[in-house]
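Heavy atoms only: backbone and side chains are in, while hydrogens, waters and symmetry mates are out. One-based numbering, in listed order, for ligands and for the atoms of each.
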Amino acid sequence: MEKDAHRGENVLTSEGLSKLDPKLTKGEPHFWPNPSKQSVEVAFNNAPSPSILVDEAADLWREYAPLLAKLFPELETSNGEIRSPLFDLTGVTDGPRILVKADHLLPLTGTIKARGGLFEVLSYAKRNAIEHGLLRPQQPPERLAEPDVREHFARFRIATGSTGNLGFSVGLAARTVGFQVEIHMSADAKPWKVERLRTMGVNVIQHPGDFTAAVAIARESSRENNVYFVDDEDSLTLFQGYSAAAVELAEQFASLKIAVSGDRPLIAYLPCGVGGSPGGVAFGLKHVFGDNVCCVLVEPVAAPSVLLQVAVGEETPISVYEVGLDNKTLADGMAVPAASLLAVRHIKYLVDAFATVDDTSLLLRTNELWTDHKLRLEPSAVAGYQAFRALATDPRRPSFYERSMHLIWTTGGSQLPDHEFEHYLEQARALQSLS
Ligand SMILES: *Cc1c(COP(=O)(O)O)cnc(C)c1O
């Protein structure tokens with residue numbers, strides 16, 4: 001990304017940055033309560049979208065379920081629902097209640113991106129079919145799985161820019177419905193992720209530079225070529241798709257008789273890249289649980305892009321490079337130098353705090369959660385667990401910490417190839433033997 005030296009200077013002396021913990025620029029893990037945080041009522045009044053979009057999203061997912069069951073045989077048993085299990089990791093001793101929202105086990109893609117990517121592709125498919133007279137507005141969308149609609153969709157192209165997981169969700173959904181698909185990836189994309197997409201008939205285009213650069217090129221080329229672009233940095237539809245996860249969680253809580261209240265708040269730890277998925281989920285959680293949920297967005301020490309953007313305000317786009325960080329992390333899904341401004345506008349008054357985590361801890365936790373709980377996670381997906389662990393001894397932890405329940409959102413990893421996963425475990429064991 002081109003750096004504007006003059007702007008960088010202003011930013012570095014701006015009032016926003018003075019609120020930051022010096023640990024941020026040193027790349028040290030820390031917990032940072034959001035100084036802009038407001039009550040849910042005030043925060044939603046100041047958000048660019050009404051919180052009703054969460055319920056709309058849940059309704060739309062219900063509407064899409066029969067179509068999904070038709071498109072994907074794997075979803076027949078769940079009647080087309082894309083849901084993840086909720087686990088309880090609470091120990092037998094007195095410790096806090098620890099819950100895991102296991103999005104790494106989401107059907108089809110094994111990552112949280114199923115919630116955004118599939119939602120946006122189906123929403124576009126429906127709109128496209130209505131515009132071209134192939135579907136009536138009130139008609140059930142199962143029709144979209146029929147051969148003549150498929151043939152029609154083959155004339156259209158969908159694109160996105162991705163570090164991998166979003167590309168897979170969008171690619172899978174769009175290819176299955178019948179669209180042509182183009183996925184733009186950064187140079188550091190994992191070869192197996194590229195291969196997996198090519199096998200599905202996706203056109204993968206790799207660009208030199210980082211994620212933000214890949215997205216910018218993809219956006220531009222999509223506009224020139226009349227391609228529908230799923231914009232990870234600027235899509236309300238993606239955001240909305242993620243937000244419905246909170247409605248699903250509330251249903252699970254209700255059936256398990258888990259009550260969230262002022263006496264028993266919930267702290268949710270959400271791994272964060274551009275901010276779309278954790279932002280959408282946080283937006284949904286606040287809609288559902290109000291002020292009784294505390295949302296912590298967790299980012300790598302080298303890429304705290306959303307934290308930084310919330311600190312300086314969304315009028316001044318900033319990247320982590322401008323404060324001397326390098327965006328180098330093994331947490332794939334979170335290696336993002338610049339935030340989604342759409343996400344920041346939606347969550348800047350809602351999110352309670354940010355936490356940053358280092359790669360070494362992510363590797364150790366990946367190994368630990370596998371060994372102790374058989375959770376097969378990619379390093380990004382253990383970020384929430386690491387933040388939870390670190391918070392226990394942090395003097396800045398919230399006053400209600402002791403009486404809270406803790407919700408760890410595990411965002412991906414069940415579909416990692418064995419050699420990839422083994423490699424993370426080996427790295428973790430090597431670290432352990434050093435200490
Ligand atoms: C994408 C992703 C995230 C972060 O989501 P953003 O929408 O980029 O903030 C976290 N974990 C995993 C595994 C992901 O794929």
At less than 3.5 Å, what protein N or O atoms come close to the N or O atoms of ligand 1? Include the distances to 0.1 Å.
residue, atom, partner, partner atom, Å
ligand 1, 5 (O), S277, OG, 2.8
ligand 1, 7 (O), G276, N, 3.3
ligand 1, 7 (O), S277, N, 2.8
ligand 1, 7 (O), S277, OG, 3.3
ligand 1, 8 (O), V274, N, 3.0
ligand 1, 9 (O), G273, N, 2.7
ligand 1, 9 (O), V274, N, 3.2
ligand 1, 9 (O), G275, N, 2.8
ligand 1, 11 (N), T411, OG1, 2.8
ligand 1, 15 (O), K113, NZ, 2.7
ligand 1, 15 (O), N165, ND2, 2.7

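- Listed by first and then second residue, the salt bridge (Lys or Arg N to Asp or Glu O under 4.0 Å) pairs that reach into residues 377-395 are E368-R389, sequence neighbours excluded.
- Looking at S123 and Y64, their side chains do bring a donor and an acceptor atom within 3.5 Å of each other.
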Kindly list each side-chain donor-acceptor pair under 3.5 angstrom involving residues 199-208, sequence neighbours excluded, with atom names and distances?
residue, atom, partner, partner atom, Å
T199, OG1, E195, O, 2.8
Q206, NE2, S186, O, 3.4
H207, NE2, H184, ND1, 2.8

Under 3.5 Å, which donor-acceptor pairs do the side chains of residues 297-308 form with other protein atoms, sequence neighbours left out?
residue, atom, partner, partner atom, Å
E299, OE1, V306, N, 3.4
E299, OE1, L307, N, 2.9
E299, OE2, S305, N, 3.2
E299, OE2, V306, N, 2.9
S305, OG, G273, O, 3.3
S305, OG, V336, O, 3.1

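- Using modelled atom types, one finds no donor on one side chain facing an acceptor on the other under 3.5 Å when comparing D332 with S380.
- Between S39 and D291, the side chains place no donor N or O within less than 3.5 Å of an acceptor N or O (distance only, hydrogens not considered).
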